[in-house]
Amino acid sequence: MEFGIIIKPCVWLYGESLKHAIDELFMGWAIGILEEMDGWCKVVTHYGYHGYLEKGTFLSFTADELKIREKSRQTVFVKRMQADIMAEPDVHSKIICTLERGSFLTVLPEKKSGYQAVLLSDGRKGYIACIAYSCRKDSDRYLYEENVEDYFLRQHIVAESSETLFRKQLIEYARGYLGIQYRWAGKSAQGIDCSGLVFMCYLMNGVLIYRDAVIKAEYPVHEISMKQAKQGDLLYFQGHVAMYIGNRKFIHATGNEKSFGCVINSLSADDPDFREDLADSFLMAGSIV
């Protein structure tokens with residue numbers, strides 16, 4: 001398999017018809033190239049999601065280069081909702097580009113005036129505010145591992161001693177998306193959908209879950225009862241997914257005409273934020289713990 005690295009701030013992954021976006025990818029994310037077509041490539045992402053990318057949105061990479069990138073541990077991700085990459089380590093400097101939360105960068109040795117020198121996947125050097133990034137916690141190994149049958153089930157295990165912190169961080173990331181408009185297939189501050197929201201929150205914490213609003217056996221989320229649900233667990237409805245925050249409340253990105261964005265709603269009928277339609281279509285809760 002050949003590989004690629006996304007070189008645009010945001011790109012759309014399309015379905016088989018090439019007419020409708022099904023996912024959003026960010027700068028620095030790795031993809032495996034399954035088939036080349038006229039102007040398009042059939043690809044698989046490092047989290048196992050399949051679709052079609054336009055040629056010119058990624059730079060060719062080899063398996064060895066992906067392995068080197070991972071072993072170097074110099075890859076970081078943007079943890080702020082958005083981050084400007086500056087030409088110089090100065091707030092007045094020219095902005096090279098603006099990256100979305102979850103974008104990957106390579107850190108360089110230079111650090112100055114609260115800025116970290118970084119290398120973009122398109123080869124340009126820039127500077128990001130030190131407070132705006134964090135060490136990457138997930139992995140590209142799915143793309144080049146020989147045995148990927150149970151990769152997502154074993155790619156991250158949350159230790160009992162760190163479970164409380166893990167759940168707290170999931171909620172903090174989810175709250176950061178409150179107020180963002182709804183956008184089908186979106187994963188960014190420009191717009192986000194239900195499964196994009198929960199996917200991104202888990203990605204930031206090193207766990208690769210399935211991108212759509214269903215539980216798949218080969219991914220870490222397993223079914224639990226609503227009574228067992230804790231903060232950070234997922235709530236599955238018919239064609240929809242949300243993150244549980246406790247007291248029968250949940251954060252989700254919804255296309256509902258009264259919200260059309262990332263909001264907090266409730267499963268309790270006596271709560272002003274009650275969503276009766278979702279309460280009626282509730283299927284199950286899910287957890288990785």
Side-chain angles (χ1 to χ4, degrees), residues 1-8 11 13-16 22-37 40-53 55 57-78 102-107 119-121 133-159 162-163 166 169-170 187 195-196 198-212 214-223 234 286-289:
M1 184 190 297
E2 296 181 354
F3 304 94
I5 299 292
I6 303 299
I7 57 173
K8 305 290 185 182
V11 299
L13 187 71
Y14 286 86
E16 195 166 355
I22 58 173
D23 197 10
E24 186 174 22
L25 312 185
F26 301 123
M27 180 173 280
W29 287 17
I31 48 100
I33 303 169
L34 304 176
E35 181 184 350
E36 292 195 29
M37 306 158 52
W40 294 83
C41 287
K42 184 177 182 180
V43 305
V44 58
T45 66
H46 77 278
Y47 46 93
Y49 205 67
H50 292 71
Y52 295 82
L53 276 180
K55 290 183 178 179
T57 59
F58 59 87
L59 186 68
S60 294
F61 241 58
T62 67
D64 286 341
E65 286 174 316
L66 279 182
K67 292 175 184 178
I68 291 171
R69 180 171 91 152
E70 183 156 341
K71 289 180 180 179
S72 72
R73 297 190 180 277
Q74 297 301 306
T75 305
V76 299
F77 69 85
V78 176
S103 302
F104 294 155
L105 303 158
T106 300
V107 293
L119 184 67
L120 305 182
S121 58
Y133 74 89
S134 186
C135 293
R136 183 179 175 187
K137 299 178 183 178
D138 67 315
S139 169
D140 294 323
R141 290 195 306 275
Y142 173 75
L143 293 176
Y144 57 77
E145 267 202 7
E146 292 184 8
N147 176 23
V148 298
E149 186 173 344
D150 62 346
Y151 173 73
F152 297 110
L153 293 175
R154 57 185 165 81
Q155 46 94 27
H156 186 93
I157 298 175
V158 178
S162 61
E163 181 183 340
F166 175 76
Q169 290 175 331
L170 286 173
K187 283 181 177 172
S195 56
V198 298
F199 174 90
M200 290 301 296
C201 293
Y202 274 80
L203 172 76
M204 299 297 99
N205 287 281
V207 180
L208 300 177
I209 64 173
Y210 190 55
R211 196 266 185 261
D212 290 339
V214 294
I215 290 178
K216 293 193 72 171
E218 60 266 42
Y219 286 79
V221 180
H222 60 272
E223 182 179 350
L234 303 180
S287 180
I288 70 163
V289 180

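As the structure is a prediction and not an experimental result, all values here were calculated from the model. Only heavy atoms go into these numbers, but all of them, side chains included; no hydrogens, no water, no symmetry mates.
Here the straight-line distance linking atom CD of E218 with atom CD of E149 works out to 10.0 Å at 0.5 Å rounding. Distance CZ/R136 to CG/L105: 11.0 Å, rounded to 0.5 Å. A distance of 8.0 Å separates OG1 in T57 from CG in L25, rounded to the nearest 0.5 Å. We find the CD-CD1 distance between E163 and I288 to be 8.5 Å, quoted to the nearest 0.5 Å. Here the CD-CZ distance, from E24 to F26, works out to 4.0 Å after rounding to the nearest 0.5 Å. If you take NZ on K137 and CG on N205, they are separated by 5.0 Å, rounding to the nearest 0.5 Å.
F199 pairs with exactly one of V207, D23, I209, D212 by the side-chain contact (heavy atoms from CB on, under 4.5 Å) rule, that one being I209.
Scored by the side-chain hydrogen bond (donor to acceptor under 3.5 Å, both in side chains) test, E65 finds T62 as partners (sequence neighbours excluded).
Under 3.5 Å, the side chains of T75 and E70 contain no donor-acceptor pair of N or O atoms.
Taking the six-membered ring for Trp and thresholds of 30 and 60 degrees, Y49 and Y47 have nearly parallel ring planes, at less than 30 degrees apart. Using a 30° and 60° split on the angle between ring planes, Y151 and Y142 fall in the tilted class, from 30° to 60°.
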- Task: Take L34 and H50 through the side chain to side chain contact (heavy atoms under 4.5 Å, CB included) test and state the conclusion after the steps.
- Result: CA-CA 9 Å; L34 304 176; H50 292 71; 3.5 Å; yes
- Task: Any chance you could lay out the side chain to side chain contact (heavy atoms under 4.5 Å, CB included) test for C41 and F58, step after step, and finish with the verdict?
- Result: CA-CA 10 Å; C41 287; F58 59 87; 3.8 Å; yes
- Task: Might you work through the side chain to side chain contact (heavy atoms under 4.5 Å, CB included) test for L143 and V44, ending with a clear yes or no?
- Result: CA-CA 8 Å; L143 293 176; V44 58; 4.0 Å; yes
- Task: Begin from the C-alpha positions of R69 and D140 and carry the test side chain to side chain contact (heavy atoms under 4.5 Å, CB included) through to its verdict.
- Result: CA-CA 9 Å; R69 180 171 91 152; D140 294 323; 2.7 Å; yes
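Side-chain atoms of H222 never come within 3.5 Å of backbone atoms of A217 as a donor-acceptor pair (strictly under, hydrogens ignored). Side chain of W29 to backbone of G102: a donor-acceptor contact under 3.5 angstrom is found.
Between F104 and F77, the distance from one ring center to the other does not fall under 6.0 angstrom. With ring centers used as reference points, F61 lies 6.0 Å or more from F3. Taking the ring centroids of W40 and Y14, they lie under the 6.0 Å cut-off.
Of all heavy-atom pairs spanning G28 and S121, the tightest one is N-OG, 3.6 Å. Taking each heavy atom of V43 and I33 in turn, the nearest pair found is CG1-CA, 4.4 Å. Residues G286 and I215 share a closest heavy-atom pair of CA-CD1, 4.3 Å. Nearest heavy atoms, H46 versus L208: O-CD1, 3.8 Å.
Considering only heavy atoms from C-beta on, R211 comes within 4.5 Å of K187 through its side chain.
Taking the charged nitrogens against the carboxylate oxygens, E36 and K42 have no contact shorter than 4.0 Å, which rules out a salt bridge. For R154 and E145, the salt-bridge test passes: some basic side-chain N is under 4.0 Å from an acidic carboxylate O.
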